[in-house]
Amino acid sequence: MATLINPPRDPNTLSNYNNWICTHTTANFEIFFEQKKLIGNVIHKLRSITNAETEEIILDSNHVDIGEIQVAGSPAKWELLPPLGPYGTALKIKLDQPVKLDEIIDVNISVQTTEKCTALQWLTLAQTSNKKHPYMFSQCQAIHARSIFPCQDTPDVKCTFDFNITSPLPVIASGLPVRDAPSTPQPGVKSLYQFHQKVPIPSYLFALASGDIAEAPIGPRSVVATSPDKLQECQWELEADTERFIKTIEKIIYPYAWGEYNVLILPPSFPYGGMENPVFTFATPSIISKDRENVDVIAHELAHSWSGNLVTSASWEHFWLNEGWTVYLERKILAAIHGEKYRDFSAIIGWKALTDSVEHYGHDHEFTKLVPTLKGEDPDDAFSTVPYEKGFTFLFHLEHLLGKEKFDHFIPHYFTTFKGKSVDSYEFKSTLLDFFESDAEASKLLQDLDWDAWFYKPGLPPKPDFDTSLADVVYELAKKWKSLPESSFQPQSSDIQDLTANQIVVFLEQVLLERPLTADLSKLMGEIYGLAKSENIEVANLYLQVGLKAGDKSVIEPTADLLGRIGRMKFVRPLYRTLQKVDRQVAIDTFEKYKDFYHPICRGMVEKDLFGKKDA
Ligand code: BES
Ligand code: ZN
């Protein structure tokens with residue numbers, strides 16, 4: 001008798017993962033820099049989880065070239081289903097005979113990536129730091145793994161991995177190196193690099209990078225890897241904080257589970273601030289600001305080693321369980337090291353970003369819900385600050401509701417309960433309710449909580465009370481600037497000399513609110529405070545926004561210049577949006593000039609922003 005199988009929880013996969021679960025994947029690839037291709041095969045061990053005796057396996061795939069497919073050692077028939085928007089062309093593999101419940105079969109797929117692959121960026125010599133060797137790296141989150149190899153591309157399935165990667169240049173992957181690998185790598189000579197990931201991971205955490213990469217220690221269990229000419233400055237930036245962040249969060253939850261915690265600093269076209277690939281966080285070089293002021297990105301990616309990588313949101317609809325928890329933990333690390341008011345200061349920055357996102361989408365927009373419906377949507381389109389900051393606000397609210405001490409006890413309980421699993425918002429809720437079941441007072445508070453409003457009401461949640469002590473000074477300074485030219489305020493460089501870079505960021509955000517400055521005042525601010533030339537890109541970026549919005553034509557060139565030096569979407573997308581309002585032709589020309597520099601994901605998003613699709 002056939003079992004009834006519930007529809008899968010993840011609407012953004014075409015795979016029939018309610019029939020099969022992948023338990024282990026072996027990825028064998030050779031990296032061909034000249035052809036900009038990976039060529040090889042993947043072997044998935046699939047376990048049947050139904051006694052419906054399904055005779056087909058459906059995997060996600062997009063823009064890959066598939067060769068022979070073998071099931072249990074024999075060639076199998078397969079076809080690609082018609083393309084379905086961002087979800088790609090599902091791969092349907094026919095089985096000769098039904099497979100019984102719990103039986104495991106090996107599916108071996110020969111595959112090559114194509115030039116349409118959205119997960120990989122290939123850099124030519126000219127595009128790299130020391131211009132000597134080519135470079136390649138992957139970015140699979142959210143649903144780009146399927147453009148490297150056919151797989152169950154859903155965060156609801158996790159498996160262990162083996163990586164066997166042949167390359168003429170050093171390779172990094174999201175597993176621990178197999179140390180007794182046969183050959184010592186020689187630059188320019190093809191070598192086999194092997195890695196193993198023994199903790200089950202979802203497909204979006206599959207990661208590869210290869211190029212002229214060297215490593216230096218930044219802690220007892222950590223190295224930073226980057227281009228040899230940048231190694232020292234990267235080491236300096238990270239060595240003071242990495243281990244103390246790890247120790248701090250281990251006290252909040254439980255010991256780090258992945259062996260080593262390393263950071264790869266990528267070329268500037270890396271489209272995100274950071275990506276929590278297990279064993280090796282991938283990070284933008286824009287965090288190397290020579291002031292150690294952007295290391296909160298490292299605290300964030302490290303925190304994902306628990307929230308996201310061990311306990312994974314079951315679908316992109318429950319993404320707040322990855323990012324909201326991670327922001328919450330990142331700020332707990334900051335609080336433990338620098339004091340509570342730093343946590344609130346960071347939360348103030350986050351609240352501002354949340355209000356910007358909600359304004360941008362509109363207060364009724366689906367994507368402003370904590371748990372949005374993403375059926376038919378591209379998760380990259382739904383990506384915004386909302387799951388991060390609404391998620392944080394929700395957890396911060398729960399902490400205040402229950403009291404810090406009680407909530408602190410729940411944290412390790414939650415991460416133990418779902419360790420190695422995927423989780424949705426309903427399981428989060430029931431785990432919290434169960435944990436406090438015997439505590440009458442806490443139970444009552446949780447019963448009375450308007451869960452539906454938190455999960456499904458669009459727009460802003462209630463604003464928490466924050467300690468504003470670190471923000472007040474900069475609010476005052478911003479007020480003074482806004483009072484010009486009527487007031488007698490005389491700006492001086494000493495106004496900002498005691499401020500941290502993040503305080504300057506908050507200052508500039510305040511200046512950006514409501515009425516823009518005049519072009520003259522904006523220029524004056526840039527000169528007196530030396531903002532345009534700041535090494536801290538967060539500061540430089542916001543100052544350009546101030547200048548553009550003030551109509552100061554002299555910032556157009558530096559803006560275009562910055563857009564050719566950094567491919568991090570957090571800066572690139574808003575800068576193009578503002579630039580096109582000031583001078584659309586310059587925006588278009590700049591994009592034409594630099595589009596090959598950007599990662600395919602970034603290129604695609606900016607194309608949407610500049611040339612169409614209003615939601616993006
Ligand atoms: N996992 C995200 C990056 C991501 C999200 C990539 C969704 C693709 C799809 C990562 O942990 C992240 O949140 N990075 C932030 C940095 C952080 C300090 C908020 C970023 O890239 O800005
Ligand atoms: Zn994150």
Side-chain angles (χ1 to χ4, degrees), residues 129 230 233-234 236-238 240-241 265 267-270 272-274 283-298 342 345-346 348-349 352-353 356 470-471 473-478 480-482 491-513 516-517 519-576 578-579 582 590 594:
S129 174
K230 295 278 191 310
E233 59 190 68
C234 292
W236 182 85
E237 198 85 26
L238 303 177
D241 294 296
I265 302 293
S269 60
F270 187 64
Y272 292 97
T284 167
S286 65
I287 67 166
I288 308 301
S289 46
K290 306 199 165 106
D291 56 7
R292 292 180 175 159
E293 283 234 39
N294 287 304
V295 283
D296 48 349
V297 173
I298 299 302
Y342 282 85
F345 181 66
S346 171
I348 289 169
I349 300 181
K352 168 72 174 53
D356 285 352
L470 287 171
V473 268
V474 295
Y475 289 166
E476 280 307 311
L477 184 62
K480 289 185 189 158
W481 275 92
K482 302 285 257 195
Q492 288 162 4
S493 61
S494 59
D495 297 346
I496 63 159
Q497 88 191 5
D498 295 331
L499 301 182
T500 65
N502 283 330
Q503 282 177 304
I504 298 176
V505 164
V506 173
F507 162 71
L508 291 169
E509 281 178 351
Q510 287 299 309
V511 171
L512 275 168
L513 287 180
L517 291 184
D520 285 346
L521 280 175
S522 168
K523 226 187 228 162
L524 180 73
M525 179 191 286
E527 279 159 19
I528 295 185
Y529 295 164
L531 296 177
K533 292 188 191 76
S534 173
E535 289 243 34
N536 189 308
I537 196 169
E538 300 274 352
V539 171
N541 164 58
L542 276 176
Y543 172 67
L544 294 173
Q545 287 283 2
V546 170
L548 289 173
K549 289 195 172 145
D552 171 9
K553 298 266 184 222
S554 71
V555 301
I556 293 182
E557 208 185 293
T559 303
D561 186 55
L562 190 79
L563 286 167
R565 280 187 288 124
I566 192 77
R568 181 175 175 189
M569 288 197 281
K570 174 181 174 184
F571 306 125
V572 172
R573 293 184 67 192
L575 279 176
Y576 272 113
T578 313
L579 184 60
V582 180
T590 307
Y594 297 128

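- We find the OH-CG distance between Tyr342 and Asn502 to be 10.0 Å, quoted to the nearest 0.5 Å.
- Side chains of Tyr475 and Ile348 form a contact here, defined as non-hydrogen atoms less than 4.5 Å apart.
- Residues Glu538 and Leu542 are not in side-chain contact: their nearest non-hydrogen atoms beyond the backbone lie 4.5 Å or more apart.
- Looking at Gln503, its side chain does come within 3.5 Å of a backbone N or O of Leu470 through a donor-acceptor pair.
- Between the side chain of Tyr594 and the main chain of Asp561, no donor-acceptor pair closer than 3.5 Å is present.
- A donor-acceptor pair under 3.5 Å is formed between the side chain of Thr578 and the backbone N or O of Pro574.
- Leu513 places a side-chain heavy atom less than 4.5 Å from the side chain of Lys352.
- In this structure, Arg568 and Gly273 approach most closely via the heavy-atom pair NE-CA, 3.2 Å.
- Heavy-atom minimum distance, Pro491 versus Asp495: CA-OD2, 3.4 Å.
- The OG1 atom of Thr284 sits 10.0 Å away from atom NZ of Lys570, with the distance rounded to the nearest 0.5 Å.
- In this structure, the separation between CZ on Arg565 and OG on Ser286 is 11.0 Å, given to the nearest 0.5 Å.
- The CG atom of Leu544 sits 11.0 Å away from the CD1 atom of Ile556 when rounded to the nearest 0.5 Å.
- Salt bridge annotation for Glu237-Lys230: absent, with no cationic side-chain nitrogen under 4.0 angstrom from a carboxylate oxygen.
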message: Could you walk me through whether Ile504 and Tyr543 satisfy the side-chain contact (heavy atoms from CB on, under 4.5 Å) test, starting with their C-alpha distance in whole Å, then the side-chain angles of each, then the deciding distance to 0.1 Å, before giving a yes or no?
response: CA-CA 10 Å; Ile504 298 176; Tyr543 172 67; over 6 Å; no
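- A distance of 8.0 Å separates CD1 in Ile287 from SG in Cys234, rounded to the nearest 0.5 Å.
- Rounding to the nearest 0.5 Å places CG of Leu477 at 7.5 Å from CE of Met525.
- Between Ala501 and Asn536, the shortest heavy-atom contact is CB-ND2, 3.2 Å.
- Counting only heavy atoms from C-beta outward, the side chains of Lys549 and Leu512 approach each other to under 4.5 Å.
- For the residue pair Leu562 and Asn541, the shortest heavy atom distance occurs at CD2-CA, 4.5 Å.
- Between Val555 and Gly547 the shortest heavy-atom distance is CG2-C, 3.6 Å.
- Of the possible polar contacts, one joining the Arg292 side chain to the Trp236 backbone as a donor-acceptor pair under 3.5 Å is found.
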- prompt: Going through the checks in order, is the side-chain contact (heavy atoms from CB on, under 4.5 Å) test met by Ile298 and Asp241?
  reply: CA-CA 9 Å; Ile298 299 302; Asp241 294 296; over 6 Å; no
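- Shortest non-hydrogen contact noted between Lys482 and Val511 is NZ-O, 2.8 Å.
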